[in-house]
Enquirer: 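Shown below is the structure under consideration.
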Amino acid sequence: MMDRPNPFRRIPAVLRSFGFKQWFLLILNIVLLLAMAASLFGVRRMGHTLESLTAARRFGGEGEIRFAQLACYLPVDQGKTVEDIYTFRQSLEAKLVEQSLEAPENGSLIIDAYSASASVTVRSDSGGSATVKAVGVGGDFFYFHPLFLRSGSYIRDDDLMDDLVVLDEETAWRLFGGTELAGLTMTINDQPFVVAGVITREDDFASKRAYSGDGGIFLSFSALSRLNEDITITSYELVMPDPITGYAKSVVQDTFPIGDGDVVENSSRYSLSHLLEVAGSFGERSMRTNGVIYPYWENAARLTEDYAALLLVLSVLFALWPLLSALVIAIRYIRRTYRYVKATVPVKVDEAMEKRKEERLEREYEKKAKGE
C-alpha cells in the first residue's frame with residue numbers, strides 16, 4: 001500500500017525558499033494574530049473584573065432557571081420612595097406568576113437592593129471629623145456589592161435599629177485611627193450612630209478610578225432619610241428570572257417607571273452585540289443629558305465596558321490583515337488549481353479516450369482473428 005502524501009512535509013522546504021518579503025509577511029501575520037488573541041483575552045478579563053456584576057450567577061447557582069441582573073438609575077429629581085419599591089415588588093411577583101414562574105419553598109426568585117447618596121458630616125468621640133459621601137442602602141445591597149469586611153458586620157434590612165453605620169477603611173482611619181471599631185459610637189450630622197463594621201473598597205482598577213473621593217460610609221436608607229428629608233432612591237438593582245433573552249429587561253421597563261432614567265442589563269454588558277453598540281456610540285456615552293448621576297459602581301462598570309469595546313474593535317482590526325492574507329493565498333491556490341485542471345484535464349480526457357479506442361480496436365481485431 002502506498003503511503004498517503006503528507007503536505008506538512010513540504011513546509012520546511014517552503015520555508016527555506018522564503019525571501020525577505022515572505023518572512024516579513026509571515027512574522028507580521030503571526031504578530032497580528034497574537035495581538036488579536038491578547039485583545040480577546042482582554043475583553044474576557046474586563047468581563048470578570050467587577051464582583052458587583054456577578055449577582056445573577058451567584059443567585060442562580062446550579063439551578064435550571066436563568067437569571068438576569070438589572071439596574072435602574074433615576075434622575076435626581078425623579079427618584080423613588082420605599083413605597084414605590086414595595087409596589088414594584090408586588091407587580092413583579094404577579095408578572096412571574098403569570099408566566100408560571102414560582103419560587104421554591106422557603107425561597108425566592110427575586111432579590112433586589114436600592115440606594116441613594118448624600119454628603120454628610122461625621123464625627124467620632126475622639127474628636128476626628130470629616131465630610132464624606134453617605135450611601136443610604138436598602139434590600140440586599142451587600143449581596144450586590146460584597147465589599148470585603150475588615151471587621152464587624154454589614155447592616156441589614158431586618159436590623160432592629162437603623163442607627164448602624166458601616167465605614168470604609170479610609171474613613172475609619174480618619175475618625176478613629178484604626179479598623180476594629182464594631183460597637184463604637186459616632187455622630188452623623190450630629191445624630192448618634194453605632195459602628196457596625198469596616199469595609200475595604202474594591203481593589204480593581206476600574207473601581208479605584210471611579211471612586212476617587214475622600215472616603216465614605218453606608219447606612220440604612222431610612223436613616224439617611226431622617227438626616228435628609230429630600231433624599232429619594234436613585235439606584236435600584238435586582239436579579240430576576242430571564243427565561244427568554246430580554247424578558248427581564250422588558251418587564252422592568254414596563255412595570256417600573258423610570259422617567260428619563262436608564263435601565264441597564266448587567267448580565268449582557270460584555271456580549272458581542274452590546275459591545276458593538278458601545279463601540280458605535282463611543283463618543284456619545286460621555287454626554288449625560290437626562291439628569292442621572294451614576295454611582296461609582298456603575299461608572300466603574302461603564303469604564304470596563306468601554307475598554308472591552310475598544311479591545312474588541314482592536315481584535316477585529318488586528319485580524320483583518322491575516323484574514324486578507326489568507327484570502328489572497330486561498331484565491332491564488334484556487335486560480336493555480338484551476339489553471340492546472342484546465343491544462344491537465346483535457347489531456348487526461350484525450351489520453352483516456354485514446355486508450356479506450358485502442359482497447360476497442362484491439363478487441364475487434366481479436367474477434368476477427370478468432371473468426372478466421
Side-chain angles (χ1 to χ4, degrees), residues 3-51 53-54 56-57 66 68-69 204-206 209 242 244-247 249 264-287 298-346 348:
D3 293 335
R4 182 177 296 179
N6 186 356
F8 294 103
R9 293 179 180 177
R10 299 182 55 194
I11 293 179
V14 172
L15 292 177
R16 284 194 296 269
S17 67
F18 274 10
F20 173 79
K21 179 180 178 180
Q22 288 81 5
W23 276 111
F24 174 78
L25 292 176
L26 176 62
I27 294 173
L28 176 62
N29 282 315
I30 292 174
V31 170
L32 290 174
L33 288 173
L34 291 174
M36 180 195 69
S39 298
L40 291 175
F41 176 77
V43 173
R44 178 178 173 82
R45 186 70 179 271
M46 289 298 106
H48 292 78
T49 297
L50 301 176
E51 186 71 15
L53 301 183
T54 63
R57 186 174 71 243
R66 186 177 67 172
Q69 179 180 351
D204 60 89
F205 82 97
R209 291 279 299 276
D242 190 34
I244 303 174
T245 301
Y247 169 78
K249 187 174 183 179
V264 180
E265 186 172 349
N266 288 318
S267 307
S268 61
R269 293 194 89 130
Y270 304 97
S271 65
L272 176 62
S273 59
H274 182 69
L275 290 180
L276 291 176
E277 290 179 7
V278 172
S281 60
F282 198 81
E284 298 175 0
R285 281 168 56 85
S286 60
M287 298 186 296
E298 174 61 17
N299 282 328
R302 289 170 68 85
L303 179 61
T304 60
E305 202 175 46
D306 286 344
Y307 281 176
L310 178 60
L311 288 169
L312 179 63
V313 172
L314 287 176
S315 67
V316 173
L317 294 177
F318 289 142
L320 287 178
W321 182 261
L323 287 175
L324 181 61
S325 299
L327 181 62
V328 170
I329 292 173
I331 292 174
R332 288 179 177 176
Y333 179 79
I334 293 172
R335 292 178 61 185
R336 188 179 304 163
T337 303
Y338 173 75
R339 288 196 296 267
Y340 173 79
V341 170
K342 184 178 180 181
T344 306
V345 169
K348 296 291 185 182

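Note that this is a predicted model, so its numbers are computed, not measured.
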Enquirer: Say you draw a straight line from CZ of R339 to CD1 of I334; how long is it, rounded to the nearest 0.5 Å?
Expert: 12.0 Å
Enquirer: Suppose the criterion is salt bridge (Lys or Arg N to Asp or Glu O under 4.0 Å): which pairs have a residue in residues 26-40, not counting sequence neighbours?
Expert: none
Enquirer: From L50 CG over to D204 CG, what is the distance, rounded to the nearest 0.5 angstrom?
Expert: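 Rounded to the nearest 0.5 Å, the CG-CG separation comes out at 5.0 Å.
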Enquirer: Going by side chain to side chain contact (heavy atoms under 4.5 Å, CB included), I30 matches just one of L26, L33, L28, I27. Which one?
Expert: L26
Enquirer: From K249 NZ over to D242 CG, what is the distance, rounded to the nearest 0.5 angstrom?
Expert: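 Answer rounded to 0.5 Å: 11.0 Å.
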Enquirer: Can you confirm whether more than 12 heavy atoms, excluding those of I244, are under 6.0 Å from its CD1 atom?
Expert: no
Enquirer: To check you understand the geometry: which heavy-atom pair defines the closest contact between L303 and A206, and what is its length?
Expert: CD2-CA, 3.8 Å
Enquirer: Between atom CE of M46 and atom CG of L310, what is the distance when rounded to the nearest 0.5 Å?
Expert: 10.5 Å
Enquirer: First locate atom OG of S267, then atom CZ of R66, and finally report the distance between them rounded to the nearest 0.5 Å.
Expert: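 S267 atom OG to R66 atom CZ measures 9.0 Å (nearest 0.5 Å).
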Enquirer: Which heavy atom in S271 sits nearest to a heavy atom in S268, and how many Å separate them?
Expert: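 In this case the closest contact between S271 and S268 is OG-O, 3.0 Å.
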Enquirer: Are any of the side-chain heavy atoms of R302 and R269 separated by less than 4.5 Å?
Expert: yes
Enquirer: Scan for ring-ring contact (aromatic ring centres under 6.0 Å, His included) pairs involving residues 302-323, sequence neighbours excluded, and state none if there are none.
Expert: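 As it turns out, the ring-ring contact (aromatic ring centres under 6.0 Å, His included) pairs with a partner in residues 302-323, which skip direct neighbours, are F205-Y307.
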Enquirer: Using every non-hydrogen atom in the two residues, find where A301 and Y270 come nearest and quote the distance to one decimal.
Expert: O-OH, 4.0 Å
Enquirer: Please check if the side chain of T49 supplies one atom and the backbone of R45 the other of a donor-acceptor pair under 3.5 Å.
Expert: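 Pair found, side chain donor or acceptor close to backbone of R45.
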Enquirer: Name all residues meeting the salt bridge (charged side-chain N to carboxylate O under 4.0 Å, His left out) criterion together with E265; count only those two or more places apart in sequence or in a different chain, and write none if there are none.
Expert: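 E265: no salt bridge (charged side-chain N to carboxylate O under 4.0 Å, His left out) contacts found.
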Enquirer: Taking the side chain as every heavy atom from C-beta outward, state whether L32 and M36 have any atom pair closer than 4.5 Å.
Expert: no
Enquirer: So which heavy atom on L312 is nearest to which on V43, and how close?
Expert: N-CG2, 3.6 Å
Enquirer: Identify the heavy atoms of L314 and S39 that sit nearest to each other, and give their distance.
Expert: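 Taking L314 first and S39 second, the nearest heavy atoms are CB-OG, 4.1 Å.
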Enquirer: R44: which residues meet the salt bridge (charged side-chain N to carboxylate O under 4.0 Å, His left out) condition with it, sequence neighbours left out?
Expert: none
Enquirer: Considering residues at least two apart in sequence or located in another chain, which fulfil the side-chain hydrogen bond (donor to acceptor under 3.5 Å, both in side chains) criterion with Y247?
Expert: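 None.
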Enquirer: Nearest 0.5 Å please: distance from the CG atom of L40 over to the CG atom of L311.
Expert: 9.0 Å
Enquirer: My understanding is that only residues two or more places apart in sequence, or in another chain, count here; which of them pass salt bridge (charged side-chain N to carboxylate O under 4.0 Å, His left out) with D306?
Expert: R285
